[in-house]
Amino acid sequence: MAVQRAFGIAGPAGLLIAGIALLIVVERDGVQASQMGDWPAPFGITLVADLLSAIMVVLGGLVGTAAAVYSLATVDKRRARYGYYSLFNLLLMGVSGAFLTGDIFNMFVWFEVMLISSFVLVALGGERPQIEGAVKYVSLNLVASALFLTGAGLIYAMAGSLNIADLSQRIPELESQGLVTAVSMLFLVAFGIKAAAFPLYFWLPASYHTPPSDVSALFSGLLTKVGVYALIRVFSLIFVQDVGITHTIILSIAGLTMLSGVLGAIAQFDFRRILSFHIVSQIGYMLMGLGLFTPLGLAGGIFYLVHHILVKTALFLVSGAVRQLHGTLSLQSLGGLYRSQPLLAILFAASAASLAGIPPLSGFIAKFVLVRAGLAAESYVIVGVALLVSLLTVFSMTKIWTEVFWKPAPPGQDNVVTPVPVSRMKMAYLLLPTATLVLLSVMLGIGAGPALDLAQRAAEQLLNPAEYVEAVLGARP
């Protein structure tokens with residue numbers, strides 16, 4: 001098991017190092033493309049890294065490393081024996097492939113790699129709630145995969161290519177632009193399901209609270225963001241011929257996703273179910289940036305992606321530590337953790353405040369940029385929804401703080417209820433990755449200038465894809 005743990009941590013740590021190196025190269029030298037198997041684009045398999053995909057690979061490595069260290073305290077021999085660490089790294093491979101692929105079909109392939117590994121990780125352990133959550137998770141995601149594959153087939157029939165850069169050149173030349181817009185709705189639904197956007201998000205709060213905390217944290221940080229990334233990619237490079245229809249629909253979905261997610265969170269009394277509904281709600285802010293489709297809006301959406309991955313992963317890691325300490329995540333059964341675990345309380349408070357958009361934290365910066373972009377585009381309704389949802393987020397986060405950390409422990413319990421004793425070493429494994437992510441999110445807010453500049457340059461690459469297209473179609477094997 002020691003060897004498995006070593007490789008389990010070495011994999012994501014290596015991904016993080018490679019991602020940082022890739023981001024440095026892309027920032028210095030521009031978009032990077034590589035053709036696999038000696039086949040030139042658009043005929044072969046292309047891997048492409050622009051600023052957005054390089055940023056996402058770095059975040060994938062960071063979240064993976066944090067979850068891998070955290071799993072040292074949570075993964076038992078039984079789960080390790082059934083392939084936990086192999087599946088963990090397989091999932092990260094699928095995520096990275098989806099970020100770096102340069103064609104639609106291989107994006108589908110990488111999505112399926114993620115689906116297979118994530119399905120087994122959800123079910124690993126065999127407890128009844130896990131199996132129920134896994135069935136709900138995989139069922140709707142298979143529907144999304146079928147829609148994705150159908151859309152890919154239609155696009156190939158219409159344009160004769162699945163290379164994303166090549167499609168960006170061919171799609172505007174097609175006569176049936178109305179048909180292109182119709183096909184784009186297939187991609188919107190397919191990726192919208194995977195991103196947990198309104199109205200097909202219900203699989204997420206029904207499944208993300210069931211697996212162990214390390215798996216929930218990994219999922220919350222990465223999986224829905226792959227769906228958001230795919231939406232940004234295809235609706236900035238391929239489906240931009242009828243922005244008045246497609247991106248207005250995306251903007252409407254963004255507002256409804258924000259509202260439905262936060263209202264669902266308010267109605268819950270389980271720590272992780274509240275956090276799960278908040279994933280849905282926060283996806284709406286990312287889609288808001290895409291729906292506005294302005295340089296500032298896209299920059300705000302990208303910045304929000306980075307902020308949310310750090311903060312939401314940290315919050316799920318906090319919830320896992322709470323479960324280790326008390327054996328439950330029911331708010332009514334918890335209390336007193338501010339006194340018994342002050343560091344854990346501080347980590348939650350900082351993450352929750354950032355999620356709610358309290359200045360000067362990263363959530364405030366991200367929402368401020370999006371609100372500015374909305375006002376500049378005169379999209380006052382979505383701005384109003386974003387501000388309202390932010391206030392409701394404060395309310396639901398305050399509920400967790402009051403019930404779990406601030407109120408006294410319920411009668412019959414003391415402040416150190418430990419159904420499974422937690423050693424100092426185990427507590428260090430729980431707190432170290434959590435504290436690292438929280439510290440990074442705080443630094444992202446306080447020193448937002450360089451990160452915002454990077455997000456703005458990534459947005460400019462998306463809105464002016466000439467460099468991306470030239471890197472792919474001009475690349476040689």
Relative to F99, does K225 satisfy both conditions: NZ or CZ under 6.0 angstrom from the six-membered ring centre, and within 45 degrees of the ring's axis?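 No, a cation-pi geometry is absent between K225 and F99.
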
Working to the nearest 0.5 angstrom, can you tell me the gap between [X] [atom1] and [Y] [atom2]?
{"X": "L59", "Y": "L16", "atom1": "CG", "atom2": "CG", "answer": "9.5 Å"}
{"X": "L329", "Y": "L334", "atom1": "CG", "atom2": "CG", "answer": "6.5 Å"}
{"X": "F303", "Y": "L370", "atom1": "CZ", "atom2": "CG", "answer": "10.0 Å"}
{"X": "T313", "Y": "L62", "atom1": "OG1", "atom2": "CG", "answer": "8.0 Å"}
{"X": "F119", "Y": "S139", "atom1": "CZ", "atom2": "OG", "answer": "8.5 Å"}
{"X": "T101", "Y": "I45", "atom1": "OG1", "atom2": "CD1", "answer": "8.0 Å"}

Does any donor atom in the side chain of [X] or [Y] lie under 3.5 Å from an acceptor atom in the other side chain?
{"X": "T46", "Y": "D103", "value": "no"}
{"X": "R272", "Y": "S216", "value": "yes"}
{"X": "H278", "Y": "S396", "value": "yes"}
{"X": "S390", "Y": "K367", "value": "yes"}
{"X": "S145", "Y": "E112", "value": "yes"}

Verify the neighbour count for atom CZ of R424: are there more than 12 heavy atoms of other residues, nucleotides or ligands below 6.0 Å?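 12 or below, so no.
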
Atom CE of residue position M443 - does it have more than 12 heavy atoms of other residues, nucleotides or ligands inside 6.0 Å?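 Not more than 12 within 6.0 Å, no.
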
Beyond-backbone contact of [X] with [Y], side-chain heavy atoms, under 4.5 angstrom:
{"X": "L87", "Y": "Y82", "value": "no"}
{"X": "M258", "Y": "I382", "value": "yes"}
{"X": "Y137", "Y": "L223", "value": "yes"}
{"X": "V389", "Y": "S281", "value": "yes"}
{"X": "I250", "Y": "M288", "value": "no"}
{"X": "Y84", "Y": "V215", "value": "yes"}
{"X": "I266", "Y": "F277", "value": "no"}
{"X": "I274", "Y": "D270", "value": "no"}

Aromatic ring pairing [X]/[Y], orientation class (parallel under 30°, perpendicular over 60°, tilted between):
{"X": "F368", "Y": "F364", "value": "parallel"}
{"X": "Y338", "Y": "W406", "value": "tilted"}
{"X": "F405", "Y": "W401", "value": "parallel"}

Looking only at non-hydrogen atoms, find the nearest pair between [X] and [Y] and report the distance.
{"X": "A190", "Y": "L147", "result": "CB-CB, 4.0 Å"}
{"X": "W110", "Y": "G94", "result": "CB-O, 3.6 Å"}
{"X": "G255", "Y": "V385", "result": "O-CG1, 3.7 Å"}
{"X": "I302", "Y": "A455", "result": "CD1-O, 3.9 Å"}
{"X": "T74", "Y": "R79", "result": "O-NH1, 3.7 Å"}
{"X": "A49", "Y": "V26", "result": "O-CG2, 3.6 Å"}

Hey, which of L90, L91, V95 is the one that makes side-chain contact (heavy atoms from CB on, under 4.5 Å) with V113?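 Passing option: L90.
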
W203 vs Y208, side chain to side chain contact (heavy atoms under 4.5 Å, CB included): CA-CA, chis, key distance, verdict: CA-CA 8 Å; W203 60 269; Y208 270 31; 3.7 Å; yes

Under 3.5 Å, is there a donor-acceptor pair between the side chain of [X] and the main chain of [Y]?
{"X": "N89", "Y": "Y85", "answer": "yes"}
{"X": "S118", "Y": "L115", "answer": "yes"}
{"X": "Y285", "Y": "A386", "answer": "yes"}
{"X": "T65", "Y": "P12", "answer": "yes"}
{"X": "R273", "Y": "A265", "answer": "no"}

Would you check if the distance from the ring center of F148 to the ring center of F111 is below 6.0 Å?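 Aromatic pair counts; centres sit under 6.0 Å.
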
Is the gap between the ring centers of Y429 and Y70 under 6.0 Å?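 Between Y429 and Y70, the centre distance exceeds or equals 6.0 Å.
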
Apply the test side chain to side chain contact (heavy atoms under 4.5 Å, CB included) to residues E27 and R457: give CA-CA distance (whole Å), side-chain angles for both, the deciding distance (0.1 Å), then the verdict. CA-CA 9 Å; E27 189 177 15; R457 283 185 284 141; 2.7 Å; yes

In residues 348-356, what donor-acceptor pairs under 3.5 Å come from side-chain atoms, sequence neighbours left out?
{"unit_1": "S351", "atom_1": "OG", "unit_2": "L347", "atom_2": "O", "d": "3.0"}
{"unit_1": "S354", "atom_1": "OG", "unit_2": "H307", "atom_2": "ND1", "d": "3.4"}
{"unit_1": "S354", "atom_1": "OG", "unit_2": "S362", "atom_2": "OG", "d": "3.0"}
{"unit_1": "S354", "atom_1": "OG", "unit_2": "G363", "atom_2": "N", "d": "3.2"}

So does E403 pair up with K407, basic N to acidic O under 4.0 Å?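 Looking at K407 together with E403, the answer is yes, because their closest N to O distance falls below 4.0 Å.
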
Any Lys/Arg nitrogen of D50 or R233 sitting under 4.0 Å from an Asp/Glu carboxylate oxygen of the other?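 So D50 pairs with R233 through a salt bridge.
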
Side chain to side chain contact (heavy atoms under 4.5 Å, CB included) between K426 and Q324, worked out: CA-CA 10 Å; K426 190 173 184 179; Q324 288 286 324; 3.1 Å; yes

CA sep, side-chain torsions, deciding dist, call: L92, L222, side chain to side chain contact (heavy atoms under 4.5 Å, CB included): CA-CA 9 Å; L92 290 177; L222 291 181; 3.8 Å; yes

